[in-house]
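A quick write-up on the structure given underneath.
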Amino acid sequence: MAVTGIILVLFLILHMLGNLKIFTGETSFDHYAHWLREIGTPLLPSTWYLWIQRTVLTVAVVAHIVSATVLAVRARAARPVAYAHRRKIHVNYAARTMRWGGVIILLFVIYHILDLTTGHLNPQGDPANPYGNVVQDFAADRWYVTLFYTLAIVTLGFHLRHGAFSAFRSLGQQTPKGERRARAAALVFAVALCVGYLVVPFAVLTGLVA
């Protein structure tokens, strides 16, 4: 869970930074998108880096899901008989919704790939004009796409907040002061990532980027 989580989080950070280049203008953003296809050349053929990255991310996602399933099964096996009287414990919203949140995120990733990677679900779908694809995708008359995107990103934020806090706990943050710091750090990270992703569709929706 930790290793695959780190791989996916690093990708999310880099992907967010790349998305923000849309504010530098169409020429700059398109140049960045085309540059991604040429990373590693001439050592690697064109687009090979992207396919290597996609393979690694796919393996990481599958391994993350399998790890979560294994841990859930182990936790259940460790307590085969339910407690007669369960103590009330504080379980935050993110912790309670990690499983179905993961399903929403997975469905969104599939949609996102078909939309802005392959172009099958994009109203423009022009691989030569990534900037135009983004602008057309989040246009005002396609508000439902922005709504779905927002739901997925907020769900991702809850997922990251709980995951980051759990990681801090696993690394030894067991004191009350350490726990408060871990919660604060996890919250700040999750909010920053959500804002970084959501600012693009809302900029398009409101006409700031056109």
Shortest non-hydrogen contact between [X] and [Y], atoms and distance:
X	Y	result
Pro127	Pro130	O-CD, 3.9 Å
Phe165	Ala182	CD1-CB, 3.8 Å
Lys21	Phe29	C-CD1, 3.8 Å
Leu44	Trp48	CB-CB, 4.1 Å

Q.
Can you list everything that forms a salt bridge (Lys or Arg N to Asp or Glu O under 4.0 Å) with Arg142? Sequence neighbours excluded, please.
A.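 Salt bridge (Lys or Arg N to Asp or Glu O under 4.0 Å) list for Arg142, sorted by chain: Asp137.
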**Q.** Worked check of side-chain contact (heavy atoms from CB on, under 4.5 Å) between Leu160 and Val9
**A.** CA-CA 8 Å; Leu160 288 174; Val9 166; 3.8 Å; yes
I need the [X] [atom1] to [Y] [atom2] distance, nearest 0.5 Å.
X	Y	atom1	atom2	result
Leu156	Leu198	CG	CG	9.5 Å
Leu121	Leu116	CG	CG	9.5 Å
Trp143	Leu205	CH2	CG	11.0 Å
Leu17	Leu12	CG	CG	11.0 Å
Glu26	His31	CD	NE2	14.5 Å
Phe138	Leu147	CZ	CG	12.0 Å

**Q.** Residues that, via side-chain heavy atoms closer than 4.5 angstrom, fall in one hydrophobic cluster with Leu36
**A.**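 Hydrophobic cluster check, Leu36: joined to Tyr32, Trp35, Ile39, Tyr49, Leu50.
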Q) In the hydrophobic cluster built from side-chain contacts under 4.5 Å, what are the other members alongside Val62? A) Val66, Val70
Indicate yes or no: at least one non-hydrogen side-chain atom of [X] is less than 4.5 angstrom from one of [Y].
X	Y	result
Cys194	Met16	no
Tyr131	Val209	yes
Phe23	Val200	yes
Thr117	His112	no
Leu208	Phe202	no
Phe189	Arg161	no
Asn122	Val134	no

**Q.** Option passing side chain to side chain contact (heavy atoms under 4.5 Å, CB included) with Val103 (candidates Leu106, Ile105, Leu107)
**A.**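 The side chain to side chain contact (heavy atoms under 4.5 Å, CB included) with Val103 is passed solely by Leu107 among Leu106, Ile105, Leu107.
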Under 4.5 Å between side-chain heavy atoms, counting indirect links through other Ile/Leu/Val/Met/Phe/Trp/Tyr residues: same cluster for [X] and [Y] or not?
X	Y	result
Leu114	Ile153	yes
Ile110	Val145	yes
Phe11	Ile6	no
Leu20	Val195	no

Under 3.5 Å donor-acceptor, [X] side chain and [Y] backbone:
X	Y	answer
Thr41	Glu38	yes
Thr150	Thr146	yes
Asn133	Asp126	yes
Thr4	Met1	yes

Q: I would like to know whether Phe148 and Tyr111 meet ring pair (Phe, Tyr, Trp, His ring centres under 6.0 Å); could you show each step before the answer?
A: CA-CA 10 Å; Phe148 177 49; Tyr111 171 82; 5.6 Å; yes
Q: Compute whether any side-chain donor of one residue and acceptor of the other, for Asp30 and Asn129, lie under 3.5 angstrom apart.
A: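 Asp30 vs Asn129: donor-acceptor pair found between side chains.
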Q) Quick check, are the ring centers of Tyr149 and Phe108 under 6.0 angstrom apart? A)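 Tyr149 vs Phe108: aromatic centres under 6.0 Å.
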Q. Is atom NE2 of His15 surrounded by more than 12 heavy atoms (other residues, nucleotides or ligands) closer than 6.0 Å?
A. yes
